[in-house]
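Structure first, commentary second.
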Amino acid sequence: MSTPVFELVIRNALVATASDTFKADIGIIDGCIAQLGLGLAPGAREIDALGRVVTPGGVDAHCHLDQPMNEPIRMADGFESGTRSAACGGTTTVIPFAAQAKGQSLRAAVEDYHRRADGCAHVDYAFHLIVSDPTPHVLNAELPGLIREGYSSFKVYMTYDDLKLDDGQILDVLDIARQHGAMVMIHAENADCIEWLTKKLEAAGRVAPRFHANSRPMLVEREATHRAIALAELVDVPILIVHVSGREAVDQIRWARSHGLKVFAETCPQYLFLTAEDLGLDNSYMGARCVCSPPPRDKRNQEVIWNGLADGLFTLFSSDHAPFKYDAPEGKKPGGEEVAFRHIPNGIPGLETRMPLLYSEGVLGGRITLNRFVELTATNPAKAYGLHPRKGTIAVGSDADLVIWDERPVTIRNEQLHHDVDYTPYEGIKLQAWPGLTLARGEVVWDGQTFHPRKGRGQFLQCGQPSILPMSKKSSSAFT
Ligand code: URP
Ligand code: ZN
Ligand code: ZN
């Protein structure tokens, strides 16, 4: 048998997958993992990882890049800066959203989004769809075709005037997902309650950023989560509740699971590292930087989220990177004004900090195991969107998307991040680790100090059917 000629060998790695941790050399050919084992033949290039953990590159399955917004708002990151930032934080696959505007064809939204991404990305990417106008044509002609072509997940909103669907429309979308084996992601907040509370707050002159949190208390998330679960049960289809913020939504999801329902859940760094106080203790506008929905809650709810990460409640840990500059007329100060909270664009940046925050405070902080970290940040997102085993694991045949971790003190500073946002909500947080090297399909994109750009190296990935284990006692239509 001839000895394979490796382009690159990572030596002496402490390899972590979602199920195992073992010592191995990793031999790479043509951007893929060709061999795993001790004492591999020499490579054309070698990197010694002695004493360091190597995990799969992260799969950030919920981020927003260059998503069209209403004038004058514009996202700060497109595919170039967003994937640059991802790579420097150890993420090698991103899944942002091709959003349908009301009245627009879904296919036109996908084509437009491809134009935005083509030739720009530094790491691989797939698209989720956002369905905001589920007409009979969209449901019966466009969605089935798009699912077959690799757009097999779509988000629906229960809030936001431009995007929200009513319950009947959500049922229609869920039904299509069931028939065609797609994954529906649900933004669960009760729009009418939010509008009612917002009007009350406005009438009382309470319009500073911090009142955003008062306009979206946990019960509006709890009610919508409960309703989303009931709608999915009616159709008998799995759903994913995205960006879960605290105890009341968690309780609903635990209840659904205990009744055998196929309800998956995602959470994000903001619900571990921010609280409503980050939206401001006084009427200062600075809190606009942390306006996102659902809003961050309090320390007790952070603990609930940590527990859900540790005990398996959460399937995914995503950034929900939704990048808007703070001090900019196209960002958090629309038209250059300090506006009432209802007009502040919702969302915060987080692509680059997602993996280091969880590795440092979760794994090194003793809250989750290393294998669970891999499962949450890479393996499960790849499985949920049909990208596994090409993505999300370290195995022979998988893409050589790898992170070698440096365990060293790091203080998060926006000036050291690589997005195009003028702040990070995590400024000043002290971490104990950062990616020391990121490989994307065998190419070094980040070496711990320097980003290695190659715009356009990122490829579009077609998503397949979810391959995450069913949790339902009922027959599963979508998951095998
Ligand atoms: O505030 C948020 N989360 N903005 C991004 C859009 C979304 O709902 O995920
Ligand atoms: Zn959302
Ligand atoms: Zn989002």
Side-chain angles (χ1 to χ4, degrees), residues 60-70 73-77 82 86 91 94-101 113 126-132 153-165 170 173 183-191 194 198 209 212-213 215-216 218 220-221 224-225 228 239-246 249 264-274 276 278-279 287-297 305 316-326 331-332 334 341-351 354 381 384-385 419 421 423 425:
D60 195 336
H62 184 159
C63 56
H64 304 263
L65 298 175
D66 201 10
Q67 198 173 303
M69 298 278 124
N70 291 332
I73 309 299
R74 207 177 56 237
M75 287 199 163
D77 287 313
T91 287
V94 296
I95 318 184
F97 296 83
Q100 178 198 26
Y113 210 51
F127 295 167
H128 304 294
L129 310 175
I130 290 174
V131 180
S132 69
S153 46
F154 22 96
K155 183 169 177 187
V156 297
Y157 284 81
M158 299 170 89
T159 184
Y160 296 138
D161 286 345
D162 290 350
L163 298 171
K164 72 178 182 217
L165 304 189
I170 293 174
V173 173
M183 172 68 94
V184 180
M185 312 160 75
I186 303 194
H187 180 131
E189 288 184 297
N190 179 312
I194 294 167
T198 300
H212 173 78
S215 74
R216 306 174 104 98
M218 240 195 303
V220 309
E221 186 184 352
T225 303
I239 50 165
L240 169 67
I241 308 287
V242 293
H243 44 50
V244 171
S245 76
F264 295 89
E266 172 204 77
T267 194
C268 315
Q270 47 271 38
Y271 307 116
L272 297 175
F273 296 97
L274 303 178
D278 290 295
L279 273 69
R289 292 173 307 164
C290 294
V291 165
C292 61
S293 295
R297 307 297 181 185
I305 299 296
L316 306 176
F317 185 73
S318 311
S319 69
D320 194 10
H321 181 84
F324 301 100
K325 286 188 175 151
Y326 170 66
K332 295 282 187 179
F341 71 82
R342 86 147 75 219
H343 302 296
I344 299 172
N346 282 203
I348 63 175
L351 255 172
R354 174 187 75 119
Y385 301 114
H419 56 199
V421 187
Y423 76 97

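When a ligand or atom number is given, it counts from 1 through the structure's own listing order. Because the structure is a prediction, the values reported are computed rather than measured. Sequence positions, counted from 1, serve as the residue numbers for this chain.
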Name, closest N/O/S atom of D320 to the Zn ion (ligand 3)
OD1
So does V242 have any N/O/S atom less than 2.8 Å away from the Zn ion (ligand 2)?
no
Does C63 bring an N, O or S atom to under 2.8 Å of the Zn ion (ligand 3)?
no
With a cut-off of 4.0 Å, which atoms of ligand 1 are near a heavy atom of K155?
7 (C), 8 (O), 9 (O)
With the side chain counted from C-beta on, respond yes when L351 and D77 share a heavy-atom pair under 4.5 Å apart, and no when they do not.
no
The closest protein heavy-atom partner of atom 4 (N) of ligand 1 is N346 O, 3.2 Å
How is the N/O/S atom of H64 that comes nearest to the Zn ion (ligand 3) named?
NE2
Between the main-chain N or O of D162 and the side-chain N or O of Y157, is there a donor-acceptor pair closer than 3.5 Å?
no
Can any side-chain N or O of K155 pair as donor or acceptor with the backbone N or O of H62 at less than 3.5 Å?
no
Relative to the ring of Y385, is the ring of H128 parallel (under 30°), tilted (30 to 60°) or perpendicular (over 60°)?
perpendicular
Side chains of H64 and D320: does their closest heavy-atom pair fall under 4.5 Å?
yes
Exactly one of F154, F97, Y160 clears ring pair (Phe, Tyr, Trp, His ring centres under 6.0 Å) with H187, and that residue is Y160
Specify the protein heavy atom at minimum distance from atom 1 (O) of ligand 1: its residue, its atom name, and the distance to 0.1 Å.
S293 N, 2.7 Å
What protein heavy atom lies closest to atom 6 (C) of ligand 1? Include the residue and the distance to one decimal.
H64 NE2, 3.5 Å
Nearest N/O/S atom of H243 with respect to the Zn ion (ligand 2), by atom name, please.
NE2
Quick check: does any side chain N or O of S245 sit under 3.5 Å from a backbone N or O of P296, one acting as donor and the other as acceptor?
no
Any donor-acceptor N or O pair under 3.5 Å, side chains S293, H243
no
Within the 4.0 Å heavy-atom shell around D320, which atoms of ligand 1 are there?
2 (C), 3 (N), 5 (C), 9 (O)
N/O/S from H62 sitting under 2.8 Å away from the Zn ion (ligand 3):
yes
What atoms in ligand 1 come closer than 4.0 Å to a heavy atom of H62?
9 (O)
Tell me, which N, O or S atom in H187 is closest to the Zn ion (ligand 2)?
ND1
Give the atom numbers and elements of ligand 1 that come within less than 4.0 Å of a heavy atom of C292.
1 (O)
Just need the protein heavy atom nearest to atom 8 (O) of ligand 1, so name the residue and atom and give the distance.
H187 ND1, 2.9 Å
Check: F317 main-chain N/O paired with R354 side-chain donor or acceptor under 3.5 Å
yes
With rounding to the nearest 0.5 Å, note down the distance linking NE2 in H212 to OG1 in T198.
9.0 Å
